Structures are given as structure tokens and as C-alpha cells.
Amino acid sequence: MISISVSDLSYKIGEKVILDSVSFSLDAGDRLGIVGVNGAGKSTLLGMITSRLTPTEGSVYIAKNYRVGVLEQNSLSDSALFADGGEETVLDRMYDAFGELRSIEARLAVLQEKLDTASGAELESAASEFSSLNARFTEGGGLYYKSKCKSILIHLGFPESMHSQPLSGLSGGERTRLLLAQLLASEPELLILDEPTNHLDTDTMAWLEEHLSSYPKTVIVVSHDRFFLDRVTNKTLDIENRRATLYKCPYSAFAEQKKQDYRAKMKKYELQQKEIARQEAIIEQQRRFNREKNFIKAESRMKALERMEKVERPDDAPKGIGFSFRAGIESGNDVLSVKELSMGFGQNTLFSGISFDVKKRERVFIL
């Protein structure tokens with residue numbers, strides 16, 4: 001069953017073409033990695049898939065009744081996601097992913113009270129409704145959604161001590177991880193993640209890799225982490241020079257296949273160019289003979305060249321970004337001095353009392 005189909009999708013800003021005629025489709029359960037250099041159009045493609053951006057041309061089809069969950073790089077720029085929620089806690093926000101189950105749960109509690117006090121026709125009506133709702137509640141995962149939320153929170157770096165913490169006390173990275181946790185808990189049929197590992201430590205990333213590699217539904221992920229892509233995806237969409245090519249393999253196999261494809265296309269192009277040059281030399285030689293039969297032969301070869309289906313030279317890979325730094329004057333030995341630095345959000349202290357110095361020509365790694 002096709003879960004998503006993208007047909008001839010293009011996007012322009014003024015006269016600048018960002019993406020041109022992108023087409024691919026995924027079956028249910030596929031896990032696609034989208035790769036390309038910075039600025040290739042990866043996030044633009046996701047924007048069109050999620051209807052945040054309107055394509056210049058083309059269309060996107062998503063299977064009927066599919067729920068789509070999205071984690072974008074700029075999710076936190078949407079203030080509505082973390083608007084003043086009063087005393088809403090981390091766990092409350094997780095439970096929000098199960099709005100229908102929570103509504104049924106609240107109604108079941110009301111009906112339970114009626115069952116304890118009602119009689120006659122009222123009791124019969126309450127019992128019938130309770131039985132119907134309880135079946136829906138159980139089939140929808142109502143018996144375990146709360147434990148599921150708590151488990152995912154813990155695996156994404158939220159210990160139980162943080163579950164009752166107000167949202168206002170979360171840092172930017174913690175808010176992004178909470179959005180990710182909420183998406184994973186709700187298990188949408190189409191899960192779209194743009195650079196999901198940006199705010200994860202090593203242990204959390206290892207858990208996410210394992211979780212996504214066994215995710216039973218369709219996943220689309222943008223990432224620059226080739227090891228993450230190898231462990232999570234089974235297909236790769238390569239965006240280069242405004243076009244996209246789908247490879248039915250994870251990143252490492254794609255990278256090798258892409259090299260082989262480029263070499264094969266370049267060899268085919270070069271061989272044809274040699275043949276064209278050989279035929280043109282023969283034509284020129286025939287014309288120099290200055291005889292009618294030679295002119296006829298030359299004309300025949302010229303027509304054959306014109307009918308030849310030309311092989312286009314494969315595009316070169318985008319040029320890498322180059323930059324350099326120049327120092328106007330030699331700096332002093334003391335480059336940076338940090339004394340008793342502390343930072344937190346609300347009651348949540350991230351760190352305190354940090355002091356260190358950086359000297360000239362030292363290279364510091366922050367872990």
C-alpha cells in the first residue's frame with residue numbers, strides 16, 4: 001500500500017528554482033532518509049509535504065485517514081506550541097497526544113459513578129454506553145498509554161523527577177525532545193523528522209535509533225548523521241542540483257551506488273563524445289576530397305550524427321563551502337575567561353559555578 005506519493009514537485013522563489021520535478025513514492029512501513037548538502041532543499045521538500053509551503057508545480061498524495069506527525073528544525077519558533085500553559089506539566093503535555101482516549105476515560109469515570117448509584121432504565125443506558133466506550137478505550141490502547149508516555153519520556157532524557165515539572169521550566173533542547181517524545185508516543189501513520197538528533201546525547205540517540213528501526217509505520221527523516229541513517233532507514237532520497245533520486249537502500253549503500261552511477265554515466269558520455277569527434281573528423285576528411293560521392297557520404301554521416309540520441313554530461317556535485325579566517329593582529333595569551341557561570345530556566349538549574357580559561361592555540365571540546 002502506498003503511504004505517500006510525490007509527483008513532479010517544484011518550488012521557486014522568484015526566478016530561483018529550489019527544487020525541480022521531484023517525484024518518489026513510499027510504501028507503508030518504509031523509512032526514508034533525505035540527504036543533500038546544506039541549502040539543497042531538504043527542509044523545503046518537507047514543507048511542501050506537510051502543506052506548510054505551497055508547491056510551484058506538482059502534487060503530494062498521502063493515504064486517506066493517515067495521521068501525519070512532524071518535528072521541524074524550527075518547531076520552537078511556533079510560540080503556540082509552548083504558549084503560556086499555566087501549570088501544565090511535562091507529563092500533561094505527553095497525555096495531550098491521546099486526546100480521544102482521555103475524553104473517553106473522563107466519560108467512563110462519570111458512567112462508573114452512575115453505575116454505582118443509578119437503577120432501572122438509567123442503569124441500563126449507562127451500562128450499555130460504558131460497555132461500548134470501554135471496548136473503544138481498550139482497543140485504542142487506553143490501558144497502557146500512560147505507562148507508554150512515561151517510558152518514552154525516560155528514554156528521551158526526562159527522569160520521573162521531571163514529569164511533574166511545568167513546561168515553563170524547560171530549556172530549548174528539552175522542549176524539542178518533549179515534542180519528539182509526544183510524536184513517538186502518538187505513533188502517527190506518517191512520521192516526519194527534520195534533524196531529530198540535534199538535541200540528543202549518545203545514549204538517547206542510541207535508543208531513538210533502535211525505536212525508529214522497528215517503527216511499524218512510515219518514517220521520513222532528514223539528517224546529516226550517516227551512521228544514524230544507516231541504522232534507521234531502508235531508502236534514501238538524494239537531493240542534488242535541484243533534482244532528487246530515490247535509492248532503495250540505506251545511506252552507505254546509496255553513497256557507493258551513487259559513485260558507481262556517476263562513473264558509468266561519465267564513461268558513457270565520454271565514449272559518445274569520442275565517437276562524435278571521430279565521425280566529425282571523417283566528415284571533414286570526406287569534404288576535403290571535394291568529390292560528389294564524398295559529399296554524399298559526408299552528408300549521410302552528418303544526418304546520422306543529428307539523429308543520434310545525445311548523452312548528457314552528468315552534473316558535477318555542488319561545490320563545497322570554502323572560507324578562511326585572518327587575524328589582523330596577534331592576540332594575547334588569554335583568549336577567554338569564565339568565572340562562576342550559572343544558567344537555568346525557572347526552577348531548573350542547568351549548570352552552576354562553572355569556571356575555566358582558554359589560552360591561545362588551545363582547542364576546547366564541550367561535551
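Bear in mind that the values here come from a model prediction, so they are computed numbers and not experimental data. The chain is numbered in sequence order, starting from 1.
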Exercise. How far apart are the C-alpha atoms of D30 and T218, what are their side-chain angles, what is the distance that settles it, and do they pass the side-chain hydrogen bond (donor to acceptor under 3.5 Å, both in side chains) test?
Worked result: CA-CA 5 Å; D30 277 340; T218 307; over 6 Å; no

For this session: Establish, yes or no, whether the cationic atom of R177 lies under 6.0 Å from the six-membered ring centre of F158 and within 45° of the ring axis.
Result: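 So R177 does make the cation-pi contact.
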
Hey, does the side chain of [X] reach the backbone of [Y] with a donor-acceptor pair shorter than 3.5 angstrom?
X    : Y    : answer
K217 : L191 : no
T138 : N134 : yes
T176 : G172 : yes
K235 : L246 : no
S128 : S125 : no
S151 : S147 : no
S10  : S21  : yes
D230 : S252 : yes
T236 : C249 : yes

For atom [atom1] of [X], is the number of surrounding heavy atoms from other residues, nucleotides or ligands below 6.0 Å larger than 12?
X    : atom1 : result
E275 : CD    : yes
K265 : NZ    : no
K12  : NZ    : no
Q260 : CD    : yes

Exercise. Is it true that Y61 and L9 fall in one hydrophobic cluster, defined by side-chain heavy atoms closer than 4.5 Å?
Worked result: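 Different clusters.
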
Problem set entry | Cluster link V358 to L341, ILVMFWY, side chain under 4.5 Å |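 Cluster IDs for V358 and L341 match.
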
Regarding [X] and [Y], does a basic nitrogen lie under 4.0 Å from an acidic carboxylate oxygen?
X    : Y    : answer
R102 : D96  : yes
R136 : E129 : no
R93  : E88  : yes

Exercise. About how many Å separate CZ of F345 and CZ of R175, when rounded to the nearest 0.5 Å?
Worked result: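 One gets 8.0 Å once the value is rounded to the nearest 0.5 Å.
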
Problem set entry | Distance, nearest 0.5 Å, that separates CD of E195 from OG of S43 |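 Spacing of CD (E195) from OG (S43) equals 7.5 Å.
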
Problem set entry | Partner of Q279 under side chain to side chain donor-acceptor pair (under 3.5 Å), chosen from E284, K274, R301 |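 The single option meeting the side chain to side chain donor-acceptor pair (under 3.5 Å) with Q279 is R301.
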
Exercise. Which class fits the ring pair Y95 and Y145: parallel under 30°, tilted 30 to 60°, perpendicular over 60°?
Worked result: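 Correct class here is perpendicular.
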
Exercise. Any idea how F254 and Y251 line up, ring-wise: parallel (<30°), tilted (30 to 60°), or perpendicular (>60°)?
Worked result: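 Perpendicular, since the angle between the ring planes exceeds 60°.
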
Exercise. Which other residues belong to the hydrophobic cluster containing I154, where Ile, Leu, Val, Met, Phe, Trp and Tyr are joined when side-chain heavy atoms lie under 4.5 Å apart, directly or via other members?
Worked result: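 Members besides I154: none; it forms no cluster.
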
